[in-house]
Amino acid sequence: MSSRPLVLGIETSCDETAVGIVRGRTLLANVIASSVEEHARFGGVVPEIASRAHLEAMPSVVQEALKVARVSLEDLDAIGVTAGPGLIGALLVGTSAAHGIALALDKPLYGVNHLSSHLAVDALDESRPLTPAIGLLVSGGHSSIIEMSDMARSVKVLGETIDDAAGEAFDKIARILELDFPGGPAIDRLAKEGDPGAIDFPRGLANSDYNFSFSGLKTAVSRYLKEVPTAHRADVAASFQEAVVDVLLEKALRACRDTGIEALIIAGGVAANSRLRAQAAERCQVARVELRTPPVALCTDNGAMVAAMTSLAVSAGIAPSTVGFPTLSTVPLAQPTWK
Ligand code: KG4
Ligand code: ZN
């Protein structure tokens, strides 16, 4: 197989029906159809609605990605698909579609880990060699610090959240502040009008290891809003966001220091946060750590990240998954692909 395999990646773990196409480390197409508006009135993703929306959107999203990349299904060297973690019904739509394409065209098929894929998207920046890095993975379901040396085979988890994920904390606080769903972007916007130093919210587990805890912060924000009903909501949003950003970067940079690794990749939906990106740039410069943040469109769920993860696996000579590989709602982060 080519050292720059042409790979199509399918992602349906939550509410985005997404297909990406890469050649080696070059991004050719990244097409996304989102059902987020259909969930907004419920204040969270409704699995059944998401699954149905995936089913309806899949054929046109695949077609559009092929059109943008100017390739045909026959040209592909491999198909990759998110096989977990995620909403099981939603995942099954993607894995079934991927099986259909791979079986019909007799192409190798890879079931890949959604979390590893969030970090693998960094490989699409071709200007950089693939060197070891510390990964800060911050999404709706995860907040992890990862030592990444061989993305295709395994990654080492240094720390994880012991309660809420960072994105979950954003979504819950947004609900308390009566902001739109999803909460992360809404808080990001409101916080721009507020003072991040207005309220000194707690930094969970600040002085301990690489693990995170955001439940104390959530309680502190709720209590503050009850005690000070006239609080300036933008100040609350900005101060909450500052506490999250502060603790995420403190620990990620501590991991760089402790391991001697001089690069930090920030990925996952929360990596789209403007304050996190700005503070990371400043603090990495001071710490002399190379900061790698994927473009915002590649931070939230997308198919390009799945294609990137698959391409890394193909290039590393990893065997494809077997037909009927398991689709899993929970998966340890260390396992990038599975049989
Ligand atoms: O990675 P992702 O798209 O889906 C999961 O795999 O979870 O992450 C979604 C999470 C949501 O909690 C959303 O509120 C958060 O990412 N998010 C943000 C921003 N954009 C998305 N959080 C903070 N600031 C943002 N700009
Ligand atoms: Zn995700």
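Note that ligands are numbered from 1 as they come in the structure, with each ligand's atoms numbered from 1 the same way. Just so it is clear, the values below take in all heavy atoms, side chains as well, and ignore hydrogens, waters and symmetry mates. None of the values given here were measured: they were computed from a predicted structure.
- The closest non-hydrogen atom to atom 6 (O) of ligand 1, taken over Lys172, Arg277, His114, Glu11, comes from His114.
- In this structure, His142 has no heavy atom closer than 4.0 Å to ligand 1.
- Looking at atom 2 (P) of ligand 1, its nearest protein heavy atom turns out to be Asp301 OD1, 3.3 Å.
- Under a 4.0 angstrom heavy-atom cut-off, Pro185 registers as being in contact with ligand 1.
- Short contacts between ligand 1 and Gly167, defined as distances under 4.0 Å to a heavy atom of the residue, involve ligand atoms 12 (O).
- Between the CD1 atom in Ile187 and the CZ atom in Phe240 there is a gap of 5.0 Å [rounded to 0.5 Å].
- Among the atoms of His118, an N, O or S atom is found under 2.8 Å from the Zn ion (ligand 2).
- The shortest contact between atom 24 (N) of ligand 1 and any protein heavy atom is with Asn273 ND2, 3.0 Å.
- Residue-to-ligand polar distances place His118 within reach of ligand 1: an N/O pair is separated by less than 3.5 Å.
- Scanning all protein heavy atoms for the shortest distance to atom 22 (N) of ligand 1 gives Gly184 CA, 3.3 Å.
- Look at Lys107 and Asp77 and you find no salt bridge, because none of the NZ, NE, NH1 or NH2 atoms lies under 4.0 Å from a carboxylate O.
- The nearest N/O/S atom of Asp301 to the Zn ion (ligand 2) is OD1.
- Distances below 4.0 Å separate heavy atoms of Ala272 from the following atoms of ligand 1: 20 (N), 26 (N).
- Ion pairing between Arg233 and Glu178 fails under the 4.0 Å rule for side-chain N and carboxylate O.
- Counting heavy atoms of neighbouring residues, nucleotides and ligands inside a 6.0 Å radius, atom CZ of Arg283 exceeds 12 of them.
- In this structure, the side chains of Leu225 and Leu177 come closer than 4.5 Å at one or more pairs of heavy atoms.
- Looking only at heavy atoms of the protein, atom 7 (O) of ligand 1 is closest to Gly140 N, 2.7 Å.
- A donor-acceptor pair under 3.5 Å links the side-chain atoms of His39 to the main chain of Val46, judged by distance alone.
- Taking a cut-off of under 4.0 Å to the non-hydrogen atoms of Gly269, the atoms of ligand 1 that pass are 1 (O), 2 (P), 3 (O), 8 (O), 16 (O), 17 (N), 18 (C), 19 (C), 20 (N), 21 (C).
- Of all the atoms in ligand 1, the ones that sit under 4.0 Å from a non-hydrogen atom of Gly141 are 7 (O).
- Looking at ligand 1, you won't find any N or O of Ser274 less than 3.5 Å from one of its N or O atoms.
- Between Arg292 and Glu290 a salt bridge is recorded (basic side-chain N to carboxylate O distance below 4.0 Å).
- Listed by number with element, the atoms of ligand 1 under 4.0 angstrom from any heavy atom of Asp188 are 24 (N), 25 (C), 26 (N).
- A distance of 11.0 Å separates CG of Leu312 from CZ of Arg153, quoted to the nearest 0.5 Å.
- In summary, Arg275 and Asp188 do not engage in a salt bridge, as defined by a charged side-chain N under 4.0 Å from a carboxylate O.
- A distance of 7.5 Å separates CG in Leu103 from CG in Leu109, rounded to the nearest 0.5 Å.
- Nearest-heavy-atom check against atom 14 (O) of ligand 1 across Val270, Asp171, Val245 picks out Asp171.
- Residues Glu168 and Lys172 are paired through a salt bridge, judged by an N-O separation under 4.0 Å between the basic side chain and the carboxylate.
- The Zn ion (ligand 2) does not have Cys14 among its coordinating residues (no N/O/S atom, backbone or side chain, under 2.8 Å).
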